Chemist: 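Mind looking over this structure? Questions follow.
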Amino acid sequence: MRHKLLALLLAAAAETAALACSCRQPPDSDSGRRRLAAELAEGAAALVEVELARPYDDRTGRGERLRVRRTLAGRAPPVVDLERHGRPQSAACEQEFAPGRSRIVILYPPLRLGGGHRVASSCTTFLLADPPMLEAVTEAMRRRR
């Protein structure tokens, strides 16, 4: 009986691990960073530091509202509503925002008129925590304009 329980727990743990978000490390070379930065900047509206102004609303499905603390590149309104199609899931590499915590994100324009902005994945935020990668993305976005 104990072995069956252990097998069941291991199977559940493996399934959970398979659903986890997995991010790659920032490129080591300048050329690799520039290439990835150009990809991330493609179609982006702004590179901004944001903080949570209103959380995701489970009842209505309305996405978070973010207050833009500073804009590093591009253009962004002072307050941004996010487009969501359900509660953000970190296991799916979706951005999750917590009160009192700011982060740097890439904003993408709404897909439809009157829709909310979109943000890059949590993996992109992980990459932006690397100073050389952040610098490469900032430069790529400024060059586009």
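Start at 1 with the first residue, then count along the sequence. Because the structure is predicted, anything quoted here is derived from the model rather than measured.
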Chemist: Please check this pair: side chain of Arg142 against backbone of Leu72, looking for a donor-acceptor N/O pair closer than 3.5 Å.
Modeler: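 Answer holds: yes.
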
Chemist: For a 4.5 angstrom cut-off between non-hydrogen side-chain atoms, does Val79 reach Leu66?
Modeler: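 A side-chain contact is absent here, since even the closest heavy-atom pair is not under 4.5 Å.
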
Chemist: Crowded around Asp58 CG? As in, over 12 foreign heavy atoms under 6.0 Å?
Modeler: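 Yes, the 6.0 Å shell around CG holds more than 12 heavy atoms from other groups.
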
Chemist: Hey, are the side chains of Val119 and Ile106 touching, using non-hydrogen atoms and a 4.5 Å cut-off?
Modeler: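 Result no, sub-4.5 Å side-chain heavy-atom pair not found.
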
Chemist: In Å and rounded to the nearest 0.5 Å, what is the CG to CZ distance from Asp57 to Arg65?
Modeler: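 Atom-to-atom, Asp57:CG and Arg65:CZ are 11.5 Å apart.
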
Chemist: Salt bridge check, Glu64 against Arg84: does any charged N sit closer than 4.0 Å to a carboxylate O?
Modeler: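 Result for this pair is yes, salt bridge flagged.
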
Chemist: Minimum heavy-atom separation for Ala76 to Thr71, with atom names?
Modeler: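 In terms of heavy atoms, the two residues are closest at CB-OG1, 4.4 Å.
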
Chemist: Would you say Phe126 and Leu107 are hydrophobically clustered, going by side-chain heavy atoms of ILVMFWY under 4.5 Å?
Modeler: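 No, no single cluster joins them.
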
Chemist: Considering non-hydrogen atoms only, spot the tightest contact between Met133 and Pro27 and give its length.
Modeler: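 For Met133 and Pro27, the tightest heavy-atom pair comes out as SD-CD, 3.9 Å.
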
Chemist: Do Pro109 and Arg118 make a side-chain contact, defined as non-hydrogen atoms from C-beta onward lying under 4.5 Å apart?
Modeler: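 Yes - at least one pair of side-chain heavy atoms lies under 4.5 Å apart.
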
Chemist: Assess the residue pair Arg33 and Ser29 against the criterion (side chain to side chain contact (heavy atoms under 4.5 Å, CB included)); give the C-alpha distance rounded to whole Å, side-chain angles, the decisive distance to 0.1 Å, and a yes or no.
Modeler: CA-CA 6 Å; Arg33 281 189 289 273; Ser29 68; 6.0 Å; no

Chemist: Does the side chain of Val105 come within less than 4.5 Å of Gln95's, by heavy atoms?
Modeler: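 Yes - at least one pair of side-chain heavy atoms lies under 4.5 Å apart.
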
Chemist: Taking the six-membered ring of Phe97 as reference, does the NZ or CZ atom of Arg103 fall below 6.0 Å from its centre and within a 45° cone about the axis?
Modeler: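 The answer is yes, since Arg103 meets both limits relative to Phe97.
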
Chemist: Should the pair Arg54-Asp81 be classified as a salt bridge under the 4.0 Å nitrogen-to-oxygen rule?
Modeler: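 Asp81 and Arg54: salt-bridged.
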
Chemist: Would you check if the side chain of Thr138 reaches a backbone N or O of Leu134 as a donor-acceptor pair within less than 3.5 Å?
Modeler: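 Yes.
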
Chemist: Any chance you could lay out the side chain to side chain contact (heavy atoms under 4.5 Å, CB included) test for Glu96 and Tyr56, step after step, and finish with the verdict?
Modeler: CA-CA 9 Å; Glu96 292 185 284; Tyr56 175 83; over 6 Å; no

Chemist: Supply the atom-to-atom distance Tyr108 OH to Leu40 CG, rounded to the nearest 0.5 angstrom.
Modeler: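 If we round to the nearest 0.5 Å, Tyr108:OH and Leu40:CG are 5.5 Å apart.
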
Chemist: Give me the atom names and distance for the closest heavy-atom approach of Leu128 to Ile104.
Modeler: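 Reported closest heavy-atom pair: CD1-O, 3.8 Å.
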
Chemist: For a quick test of reading the model, state the closest non-hydrogen atom pair linking Met141 to Ala73 and the distance between them.
Modeler: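 So the minimum-distance heavy-atom pair works out to CB-CB, 3.7 Å.
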
Chemist: List the atom pairs, donor and acceptor, that lie under 3.5 Å between side-chain atoms in residues 43-52 and the rest of the protein, sequence neighbours left out.
Modeler:
| residue | atom | partner | partner atom | Å |
| --- | --- | --- | --- | --- |
| Glu49 | OE1 | Arg70 | NE | 2.5 |
| Glu49 | OE2 | Ser102 | OG | 2.9 |
| Glu51 | OE2 | Arg67 | NE | 3.0 |

Chemist: Hey, are the side chains of Val68 and Pro78 touching, using non-hydrogen atoms and a 4.5 Å cut-off?
Modeler: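 No, their side chains stay 4.5 Å or more apart.
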
